[in-house]
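Notes to accompany the following structure.
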Amino acid sequence: MSCITVQDRAVAINPTRSCAPIGTMLANYGVHGAITINHGSQGCATYPRHQMSRHFREPVEVATTSLTEKTTVYGGKSNLLAALKNVWERFHPTMIVVCSTCLSETIGDDVPGIIDEFVERHPEVTVPILSVKTPSYIGNHTTGFDNFLKEIAANLPDRRKKKGETNGKINMIPGWVNPGDIRELKHMLREMGLHGLWLTDYSETLDGGYYEPRPPFPRGGTTIEELRSSSKSLATIALQRYVGGEAARIYERRYNVPAHVLTMPIGLVNTDAFIDTLVEITDHTIPEALQVERARLLDALVDTHMYTTGLRVALYGDPDLLEGLVGLVAEMGMTPAYILTAADTAPWAERMLELTGELGVESEIILKGDLHELHKRIKAHPVDLLIGHSKGKFIADAENIPLVRVGFPVEDRFGYHRRAIVGYNGSIALVDEITNQVFERRASAIVSNTLLERGVEGPSQVPIPLRNGKVVV
Ligand code: SF4
């Protein structure tokens with residue numbers, strides 16, 4: 001039977017989480033022409049920019065109020081007022097989002113009050129200015145994303161909705177995913193003959209092309225007009241419970257837009273649930289193209305199960321990603337031996353307990369965990385595979401375990417932000433990668449119908465052809 005443990009060490013060693021403002025910055029990148037002001041020290045803007053650039057391989061821009069020792073003591077109001085004015089005058093963005101930081105929250109700056117004062121002093125500024133609370137000592141990067149979505153849902157949609165008025169779209173909240181995932185989800189909706197209104201869409205803004213002259217804002221992103229009309233959508237689908245689930249419920253409560261909060265669609269069952277929800281909302285039938293993709297995923301699971309069944313896997317990262325991955329891992333016949341997150345979400349842990357019970361696998365679910373904690377467990381009871389972001393590389397190298405990179409950040413590989421792991425196609429790609437990683441380190445591998453027992457004979461025992469035509473063993 002699975003169990004839940006909570007790491008009680010106060011200090012994190014090799015944490016598996018990032019700072020909260022990153023979440024707001026990322027989500028706001030999905031709104032066309034919007035700019036984030038990071039209200040804190042310069043480092044609070046530089047660290048998120050650096051981490052996002054290394055993952056998305058794009059320049060990431062964010063304004064900062066650049067708080068110093070003086071403003072830390074006397075408050076950052078004057079800096080924030082100046083930053084709002086500068087950003088408006090220099091860029092004329094479509095929206096300004098001010099995210100707080102550990103520093104500005106600790107000194108107690110009243111960001112909404114300062115924004116009100118700015119709007120009063122500058123009636124010429126007509127774009128929305130939102131404030132998002134993102135102290136990193138409450139939550140992590142996913143909290144920043146989720147808080148942003150809640151602010152959008154509460155403040156931007158048009159409340160003047162006539163009875164029965166609709167824009168014919170579905171509010172889609174993918175949650176913390178990659179640009180490639182958003183493109184895959186768009187493909188699925190297109191195949192279903194549906195139109196999504198994306199909250200938000202950074203599929204192009206953070207994975208765009210090279211254009212000359214460089215546009216003032218990255219191409220793509222959801223427009224403010226679309227966000228305003230999101231109160232008139234047919235329904236809202238949140239594909240992550242902890243990033244966007246609450247925003248979906250705000251749409252239901254305030255604008256009467258039905259909410260569907262699902263598990264991240266990784267693997268067969270989770271993707272089926274997503275497609276079934278689209279059918280339930282719209283009565284559209286499932287097109288043949290998606291049925292073929294589904295059959296191909298099923299085939300991939302059948303083809304690979306003899307290599308993956310029974311393997312022990314350690315998974316770490318964000319709660320929603322882990323929930324989706326556990327589904328796929330179980331479908332591949334593997335045991336998610338350790339499921340570790342830095343988050344402190346007891347309801348999620350309870351849910352995972354239930355899920356692993358339903359799937360018939362035995363796991364240790366670790367809350368508030370770091371990678372040092374995971375490493376200790378793996379040393380005591382080894383696993384065959386690691387699945388998570390790049391920070392697990394140190395465990396993978398030390399223990400010689402393959403690491404399948406998913407989540408954020410993936411900074412030691414190129415182009416992973418372009419790949420999809422959601423939907424039938426994304427899951428197929430992930431099944432392939434997991435199986436190939438298993439092949440790579442396996443003691444025996446089948447090559448051209450010859451069984452090479454690498455683990456028994458050792459690499460030096462493999463015949464090596466020499467230039468003179470002789471062969472050494
Ligand atoms: S001080 Fe807080 S907000 Fe600033 S970079 Fe560090 S964790 Fe992020």
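All ligand and atom numbering here is 1-based and tracks the order in the structure.
Within ligand 1, the atoms closer than 4.0 Å to a non-hydrogen atom of Cys44 are 1 (S), 3 (S), 4 (Fe), 5 (S), numbered from 1 in the order shown. Each of the following atoms of ligand 1 lies closer than 4.0 Å to a heavy atom of Ser136: 2 (Fe), 3 (S), 7 (S), 8 (Fe). Short contacts between ligand 1 and Tyr47, defined as distances under 4.0 Å to a heavy atom of the residue, involve ligand atoms 5 (S). Here is the list of ligand 1 atoms found below 4.0 Å of a heavy atom in Cys102: 1 (S), 2 (Fe), 3 (S), 7 (S).
Residues Glu252 and Arg249 are not paired through a salt bridge, judged by the lack of any N-O separation under 4.0 Å between the basic side chain and the carboxylate. Of the charged side-chain nitrogens involved, none lies within less than 4.0 Å of a carboxylate oxygen, so that Lys150 and Glu246 do not count as a salt-bridged pair.
Taking 2.8 Å as the threshold, Cys19 does not count as a candidate ligand of atom 4 (Fe) of ligand 1, since none of its N, O or S atoms lies below it.
Inspection of the Glu411 and Ser390 side chains reveals no N or O donor paired with an N or O acceptor under 3.5 Å. A side-chain donor from one of Glu226 and Thr223 sits under 3.5 Å from a side-chain acceptor of the other.
Residues Lys77 and Leu81 form a side-chain contact, since some pair of their non-hydrogen atoms from C-beta on lies under 4.5 Å apart.
Distances from atom 6 (Fe) of ligand 1 to the protein include no heavy-atom value under 4.0 Å.
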